[in-house]
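Read through the structure below, which is laid out as structure tokens, and then see the notes.
First listed ligand is number 1; within each ligand, the first listed atom is number 1. Start at 1 with the first residue, then count along the sequence. Predicted, not measured: the structure shown is a model, and the values here were computed from it.
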Amino acid sequence: MNEIRITRPDDWHVHLRDGAALAAVLPATARQFARAIVMPNLRPPITTAALAQAYRERILAALPEGANFTPLMTMYLTDNTPVEEIRRARDAGVVALKLYPAGATTNSDAGVSDIRKTYRTLEAMQREGLLLLVHGEVTDPEVDVFDREAVFIDRVMRPLRKDFPELKVVFEHITTLEAAQYVAESDRFTAATLTPQHLLYNRNAIFTGGLRPHYYCLPVLKREQHRLALIQAATSGSNKFFLGTDSAPHASVLKENSVCGAGCYTAMSALELYAEAFEAMGALDKLEGFASFHGPDFYGLPRNTDTVLLRQEKWSLPESVPFGEALIKPLRGGESLGWKFIG
Ligand code: DOR
Ligand code: ZN
């Protein structure tokens, strides 16, 4: 029997939502991961240290009995985040701020309209040791949707890195060859997260036999050459790349709709999907570094000490699961998977 045992991983990018949705999805993340970086794009967004603290309390209250899980809180950067809020954030245990270019994705209307407006806040973050997590897409309607990440590197990332060389920046859920190369060549203050869907699929997945809304996320899946660059980066052993599922649940009625929300729900089989992607490269020996070491090392946090077991075993992911009053369809729901998280 084929099994692998690795140090318990963390999810360095997840959407846990709030209320009944939070209660529905949190157990899946807490089952596989010891910690997770929790995205702040609620409605209204988590823009202050006090809101982040209250959200952390709601997450802790929604945890199943006996769960051993620590949410790592983030704050939503706006054009007007006060400089003084950064000290309060640090004191409240907030570890990072998330930069959403205004209008780039789900609940991002309060995001940053021009990064120069945030420079005094970024200076404070660099000083206080808070990380900047970046949704790296321009929102310029003139730029083709599939080019928005590559254009972001030149228009925003390079100037940002030059102006704040010691700010730790995570280029979140990268989807292109250009981003993988940029991160690989950057210094130790820049890293990237990779989602399971961007390691496993190219953009054909969205259009196979019809329009498949559950494969639609942002940044959108790209061509095969990009997927190959991403899986090579993930399995290279480089400590600049680590696990961030971007598990982003939306009720299935809102995915199977004339306007489909962006996001793939992967929390129920996250490690299994990563194992599948790494196995296809013959690189299962690189999974532990990617899933369990590179993230905490970059964030300056201790590595976990317990372990989890993954077994090569066929099982079927349910087609849908309850999501408050609604249903949610996990990515690959109703299909069989070749790896199983045993715990
Ligand atoms: O696909 C995505 N879903 N990308 C994001 O950036 C946001 C996320 C969400 O919150 O649903
Ligand atoms: Zn996300």
Check your understanding: In degrees, rounded to 10 degrees, what angle do His15 atom NE2 and His13 atom NE2 make at the Zn ion (ligand 2)?
Key -> 110°
Review point. Does a salt bridge link Glu149 with Lys222, judged by any charged N lying under 4.0 Å from a carboxylate O?
Key: no
Review point. Would Arg87 and Glu128 pass as an ion pair if we require N to O under 4.0 Å?
Key: yes
Check your understanding: So, is Asp246 placed with an N/O/S atom under 2.8 Å from the Zn ion (ligand 2), counting both backbone and side chain?
Key -> yes
Point to revise | Salt-bridge present (Arg120, Glu84; N to O < 4.0 Å) | key: no
Check your understanding: With a 4.0 Å cut-off, would you call Glu85 and Arg88 a salt bridge?
Key -> yes
Exercise for review: Determine whether the aromatic ring centres of His198 and His173 lie less than 6.0 Å apart.
Suggested key: no
Exercise for review: Taking the six-membered ring for Trp and the single ring otherwise, decide whether the centroids of Phe69 and Phe33 are under 6.0 Å apart.
Suggested key: no
Practice item. Identify, chain by chain and in numerical order, each protein residue with a heavy atom under 4.0 Å from an atom of ligand 1. Key: His15, Arg17, Asn41, Thr105, Thr106, His135, Cys217, Leu218, Asp246, Ala248, His250, Ala262, Gly263
Check your understanding: Would you call Asp140-Arg155 a salt bridge at under 4.0 Å N-O?
Key -> yes
